[in-house]
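Hydrogens, waters and symmetry mates are skipped; everything else that's a heavy atom, side chains included, is used.
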There are 2 protein chains.
Amino acid sequence: MADIKAGASQLFLREEELRTGMELLFYAYREFTAEPDEILAQLGLGRAHHRVIYFVGRHPRITVSELLAILKITKQSLSRVLGELVRQGFVTQATGLRDRRQRLLELTEKGVELERKLSETQRQRIARAYRTAGAEAVQGFRKVMMGMLDDEDRAKFAPPGDVRAVGRR
Amino acid sequence: MADIKAGASQLFLREEELRTGMELLFYAYREFTAEPDEILAQLGLGRAHHRVIYFVGRHPRITVSELLAILKITKQSLSRVLGELVRQGFVTQATGLRDRRQRLLELTEKGVELERKLSETQRQRIARAYRTAGAEAVQGFRKVMMGMLDDEDRAKFAPPGDVRAVGRR
DNA sequence: CGGATTACGTCAACATGGCTGACATAAAGG
DNA sequence: CCTTTATGTCAGCCATGTTGACGTAATCCG
């Protein structure tokens, strides 16, 4: 046993296994974004708007710099979509109290409503996958996904109680 | 037990759990594509080229329609990137034998080399995640990811031996 | 055989969402 | 007071998706 043939076969299995992982990620991400994209299109918005709405909803009173750090896009790119969201009344900007240069972002009621609607389909998709896969599989899923992240992103998922988790002041 | 408080708490945990899943997908996908994107940029190519190179490499002698079915983009969009790849000698087109209307796509040696280089970083990232998470976790990962797919995409991962798996003629 | 369908390609125009570079203003901080 | 920081804005470029229209060659089918 453990001859050359077995080694080559193992290598093949490994390669195949890794490519399966790559493709799962590709297809899952595509389907994950497909439904919200349709809803957004009807409103004349795009995926970039969704990301902003999502993270502002997730971190109320987030500053522009913090949002930029999460999204990792330029302020010019953000400004375009954020500006539209503010003008259309999905997001409000409030001057920071401690630092008056900051614009603290928050969803309006209209914004919350849209956020709900958009992520509803995504939550359902994940819930369905979690349910059919089972609790143990979900643990494995999380472990593997965490392993794919860089340290910086991984830190965002620190256990609750760790105040520094989000990187807010 | 099982009073209202516990129910609300469970609901909160569930919501939090689902959002964690959403964010894992967002960050993982972004990091997954970041490294190839850099290499591609140096060659004046983009992510769309990578996808074509990947799937042509994965399915040698694939037809244009089959590739379109996998990528789910319009033929005009594909034509732009595929044309560049053919002109730059990464991909060859051969007239189909049974059906001479078909263009069977295949990677050249240069194409294979680039494909290797591009997916190398991705394979390493996945391999690392798989290794640290362990075999059991990988099973769970796959279960959950499969659960997120639509039936059509899920069918692509049918166990080997199923000839119809890829949907090739 | 001949008409319909299929596989593929191409031209043109448009939208989204990234990017760089330059410049401006107000507030904070040493 | 000078520097740095947080934010915004204008202008232009690029990649990659879209729709719509049209064309050619090969295949299929009645």
Side-chain angles (χ1 to χ4, degrees), chain A residues 26 29-30 33-34 36-54 56 61-87 91-105 167-169, chain B residues 26 29-30 33-34 36-53 56 61-88 91-105 167-169:
Chain A
F26 170 70
Y29 190 78
R30 184 173 65 188
T33 51
D37 280 357
E38 275 181 48
I39 300 172
L40 288 158
Q42 291 175 349
L43 296 171
L45 301 175
R47 197 178 293 180
H49 299 91
H50 186 185
R51 292 203 270 256
V52 170
I53 286 183
Y54 178 85
V56 170
R61 296 185 72 78
I62 190 175
T63 68
V64 172
S65 336
E66 287 162 354
L67 187 52
L68 284 173
I70 289 178
L71 297 175
K72 287 194 182 155
I73 59 176
T74 60
K75 62 175 176 174
Q76 293 92 327
S77 295
L78 173 59
S79 149
R80 198 158 35 198
V81 287
L82 180 55
E84 286 168 26
L85 291 174
V86 169
R87 255 175 273 121
V91 172
T92 55
Q93 299 173 305
T95 301
L97 291 180
R98 284 177 304 288
D99 187 336
R100 294 182 44 218
R101 289 170 304 180
Q102 297 179 335
R103 298 297 142 99
L104 307 183
L105 307 174
R168 313 278 305 272
R169 82 227 71 172
Chain B
F26 170 69
Y29 190 78
R30 184 174 64 188
T33 50
D37 280 357
E38 275 181 49
I39 300 173
L40 287 158
Q42 291 174 351
L43 296 172
L45 301 176
R47 200 178 291 180
H49 299 90
H50 187 188
R51 292 203 270 257
V52 170
I53 286 183
V56 170
R61 296 185 73 75
I62 191 177
T63 69
V64 172
S65 337
E66 287 162 352
L67 187 50
L68 283 174
I70 290 177
L71 296 175
K72 288 196 183 152
I73 58 176
T74 60
K75 62 176 175 173
Q76 293 91 329
S77 295
L78 173 59
S79 147
R80 198 159 34 199
V81 287
L82 180 55
E84 286 167 27
L85 291 175
V86 170
R87 256 175 274 121
Q88 295 183 31
V91 173
T92 54
Q93 298 174 306
T95 300
L97 291 180
R98 284 176 304 288
D99 187 337
R100 294 182 43 218
R101 289 170 303 181
Q102 296 180 334
R103 297 299 142 98
L104 307 183
L105 306 175
R168 313 279 304 274
R169 78 225 79 167

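- For Arg30(B) and dG18(C), the CZ to P distance is 11 Å, given to the nearest whole Å.
- Atoms CD1 and CG, from Ile53(B) and Leu82(B) in turn, are 10.0 Å apart once rounded to the nearest 0.5 Å.
- Between Glu38(B) atom CD and dC19(C) atom C1' the separation is 14 Å, expressed in whole Å.
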Could you tabulate the donor-acceptor pairs under 3.5 Å formed by side-chain atoms of residues 67-80 of chain B, not counting sequence neighbours?
residue	atom	partner	partner atom	Å
Thr74(B)	OG1	Ser77(B)	N	3.3
Thr74(B)	OG1	Ser77(B)	OG	3.1

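- Legend: residues meeting side-chain hydrogen bond (donor to acceptor under 3.5 Å, both in side chains) with Tyr29(A), ordered by chain and number and at least two apart, are absent.
- Scored by the ring-ring contact (aromatic ring centres under 6.0 Å, His included) test, Phe26(B) finds Phe55(A) as partners (sequence neighbours excluded).
- When heavy atoms are screened at a 4.0 angstrom cut-off, Gln93(B) is found touching the sugar-phosphate backbone but no base atom.
- Considering only residues two or more places apart in sequence or on other chains, Arg100(B) meets the salt bridge (Lys or Arg N to Asp or Glu O under 4.0 Å) condition with none of them.
- Between Ala48(A) and Val81(A), the shortest heavy-atom contact is CB-CG1, 3.7 Å.
- Separating the CG atom of Leu82(A) from the P atom of dG17(C) is a distance of 14 Å, rounded to the nearest angstrom.
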Sugar-phosphate or base contact per nucleotide [nucleotides 17-30 of chain D; S, B, -; heavy atom under 4.0 Å]
BBBBB----BS---
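- Going from atom CG of Leu68(A) over to atom C1' of dC19(C) covers 14 Å, rounded to whole Å.
- The NE2-P distance, from His49(B) to dA15(D), rounds to 8 Å in whole Å.
- Between the C1' atom of dC19(C) and the CG atom of Asp37(B) lies a distance of 13 Å, rounded to the nearest Å.
- Here dT16(D) presents its P atom at 8 Å from CD of Glu84(B), a figure rounded to the nearest Å.
- We find that CG of Leu104(B) is positioned 11 Å from P of dG9(C), with the value rounded to whole Å.
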